[in-house]
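Chain letters run A, B, ... following the sequence lines, proteins first and then strands; every chain starts at 1.
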Amino acid sequence: MINYHPTDKQLRQFAEGNISSALALVVASHCDVCVQCQTKVDEVNSELASNIENIKAHTVTDPAFEKMLASITQLPVLDTPVQKSPCIELDGRFFDVPRPLQRFVKKTGNWSKLLGKVWQAPVDLGDSSMAHFIFMEKGGRVPEHTHRGTEFTLVVNGEFSDGLADYDSGDLIVMDDEHIHSPHSNADEGCLVFSIVDKPLQFTSGIARLLNPFSHLFFK
Amino acid sequence: MLVGISLENKFTNTSKPKDCAEEMSALLMEVAAERCKRSYAKVFGYFAPRLRSYALKQMGNEALAMELVQDTMTNVWQKAHLFNAEKGSPSTWIFTIARNIRFDMLRKLQNRKEDICSDDLWPVLCEQTPDQNEVSLDQQVTLQQVGQLFNNLPDKQKAVIEAIYIDGKSQQEVADQLAIPLGTVKSRTRLALQRLKDMLEDHD
Ligand SMILES: [Zn+2]
């Protein structure tokens with residue numbers, strides 16, 4: 001069951017379109033699977049729409065509008081092709097991904113072993129942030145770390161815990177330098193997440209600290 | 001060229017929003033079905049000036065504002081068939097189109113390189129995808145056989161299978177009821193059916 005939702009403020013910013021692309025992507029993916037948040041966004045949408053309707057607009061006939069109307073009605077109808085839903089594949093298992101992530105499935109690189117029972121595949125978002133699908137097999141664990149920037153994680157399929165809480169499919173988790181955690185999955189089916197970080201992670205305990213100088217390699 | 005189509009704006013704020021929404025819905029459906037320019041001109045006459053005021057506030061520049069109005073209203077003309085009155089009012093649909101175009105315009109102006117566009121984030125203008133991933137059990141299986149094996153499924157899979165195949169709920173209803181994503185319901189269903197199939201084959 002989904003327990004971790006975007007804040008109301010984030011949902012409003014999402015509806016307004018005043019939001020960073022990275023946050024928008026995970027909020028959109030969350031809303032794709034969370035009826036509750038989708039309903040909230042729909043409500044903000046109609047509120048914003050009625051604001052526009054209530055704008056005092058000139059009722060004059062503007063020559064620029066006449067021209068625009070004429071040129072628009074010259075245009076043909078556009079058919080929007082129905083897109084197939086691509087799945088993420090790992091070791092013969094197929095995972096459905098939320099609609100907003102589907103276009104990025106073909107921009108996803110090969111799976112590589114990150115550590116122990118943790119696998120990752122880089123996703124090219126075309127910018128400097130680092131996005132990955134990460135799969136934790138049962139018993140897989142990412143060493144304890146904090147964040148130099150912000151980390152957005154969306155649980156695509158499965159369950160995991162991180163020492164702070166337990167998460168399930170659809171949960172959206174936002175972490176920054178105030179959080180230290182160590183994601184691990186004890187679920188039989190493991191756990192697939194989508195994660196975006198804007199700065200490399202900072203490992204905080206034991207031998208994993210040795211990873212810090214290389215964390216940009218691991219999470220890139 | 002525009003003889004007979006005047007840009008009148010007779011849907012002023014005095015008419016009730018609900019009546020206006022119904023009238024606009026009907027007009028949009030005529031645009032979708034008949035390519036009716038007269039109906040479109042009425043929708044345009046109502047929304048274009050309002051969108052311009054919104055866009056001016058958002059973009060702070062007349063040229064950009066008019067570009068936003070033009071792109072938004074072009075989508076309304078070309079994709080009127082994607083408007084679905086059951087999902088929301090015409091003004092909400094048109095606002096979300098404008099919001100998307102503004103998002104892409106601003107990112108282009110800021111020279112942002114990420115390959116994330118509004119269509120990914122807000123699926124306002126895409127058709128719903130049909131589900132191609134259904135798995136069905138072969139007919140020959142007896143209810144008794146399934147019943148026995150069903151009990152061997154993990155609890156979570158059992159709950160989903162029970163809701164769908166015994167209570168006859170749709171996958172979406174199950175997702176809503178259990179507050180889990182639709183994709184999870186689908187994969188649990190698929191997994192459970194696959195397991196049942198495997199068990200049945202072993203059974204033989
Ligand atoms: Zn939610």
Considering non-hydrogen atoms only, spot the tightest contact between [X] and [Y] and give its length.
{"X": "Ala28(A)", "Y": "Leu121(B)", "result": "CB-O, 3.3 Å"}
{"X": "Ile52(A)", "Y": "Phe95(B)", "result": "CD1-CD1, 3.4 Å"}
{"X": "Leu178(B)", "Y": "Met1(A)", "result": "O-CB, 4.0 Å"}
{"X": "Phe103(B)", "Y": "Ser21(A)", "result": "CZ-OG, 4.0 Å"}
{"X": "Pro76(A)", "Y": "Gln78(B)", "result": "O-NE2, 2.8 Å"}
{"X": "Ala49(A)", "Y": "Thr92(B)", "result": "CB-CA, 3.5 Å"}

Top residue by heavy-atom pair count (under 4.5 Å) with chain B, among [options]?
{"options": "Pro100(A), Ser50(A), Cys34(A), Ser29(A)", "answer": "Pro100(A)"}
{"options": "Ala24(A), Pro98(A), Ala64(A), Gly170(A)", "answer": "Ala24(A)"}
{"options": "Asn45(A), Val35(A), Val97(A)", "answer": "Asn45(A)"}

Distance in Å, [X] [atom1] paired with [Y] [atom2], rounded so as to fall on 0.5 Å steps:
{"X": "Asp120(B)", "Y": "Leu125(A)", "atom1": "CG", "atom2": "CG", "value": "9.5 Å"}
{"X": "Asp42(A)", "Y": "Lys87(B)", "atom1": "CG", "atom2": "NZ", "value": "9.5 Å"}
{"X": "Ile72(A)", "Y": "Thr74(B)", "atom1": "CD1", "atom2": "OG1", "value": "3.5 Å"}
{"X": "Met73(B)", "Y": "Leu75(A)", "atom1": "CE", "atom2": "CG", "value": "12.5 Å"}
{"X": "Ser53(B)", "Y": "Asn54(A)", "atom1": "OG", "atom2": "CG", "value": "12.0 Å"}
{"X": "Asp71(B)", "Y": "Met68(A)", "atom1": "CG", "atom2": "CE", "value": "9.0 Å"}

What residue, out of Val69(B), Ile94(B), Leu51(B), Val76(B), has the most heavy-atom pairs lying under 4.5 Å from chain A?
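Sorted descending by pairs with chain A, the first entry is Val69(B).
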
Has the side chain of Arg99(B) got a donor or acceptor atom that lies under 3.5 Å from a matching backbone atom of Ala15(A)?
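Yes, because the side chain of Arg99(B) sits within donor-acceptor range (under 3.5 Å) of the backbone of Ala15(A).
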
Tell me if a side-chain donor or acceptor on Trp77(B) pairs with a main-chain N or O of Leu69(A) at a distance below 3.5 Å.
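No: the side chain of Trp77(B) does not pair with the backbone of Leu69(A).
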
Around atom NZ of Lys169(B), are there more than 12 heavy atoms of other residues, nucleotides or ligands at under 6.0 Å?
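For Lys169(B), atom NZ is crowded (more than 12 foreign heavy atoms under 6.0 Å).
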
Asn18(A) and Arg102(B): side chain donor to acceptor below 3.5 Å
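A donor-acceptor contact under 3.5 Å links the two side chains.
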
Charged N to carboxylate O under 4.0 angstrom, Asp119(B) versus Arg103(A)?
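So Asp119(B) does not pair with Arg103(A) through a salt bridge.
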
Output yes when Lys156(B) and Glu189(A) qualify as a salt bridge under the 4.0 Å nitrogen-oxygen rule, no when they do not.
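No.
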
For Phe104(A), which atoms come within 4.5 Å of any heavy atom of chain B: side chain, backbone, both, or neither?
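For Phe104(A), side-chain heavy atoms alone lie under 4.5 Å from chain B.
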
For [X], is it the side chain, the backbone, both, or neither that has a heavy atom closer than 4.5 Å to a heavy atom of chain A?
{"X": "Arg107(B)", "value": "side chain"}
{"X": "Trp93(B)", "value": "neither"}
{"X": "Thr96(B)", "value": "side chain"}

Just do the salt bridge (Lys or Arg N to Asp or Glu O under 4.0 Å) check on Asp62(A) and Arg52(B) with the steps written out, would you?
CA-CA 12 Å; Asp62(A) 186 319; Arg52(B) 178 166 71 175; 3.3 Å; yes

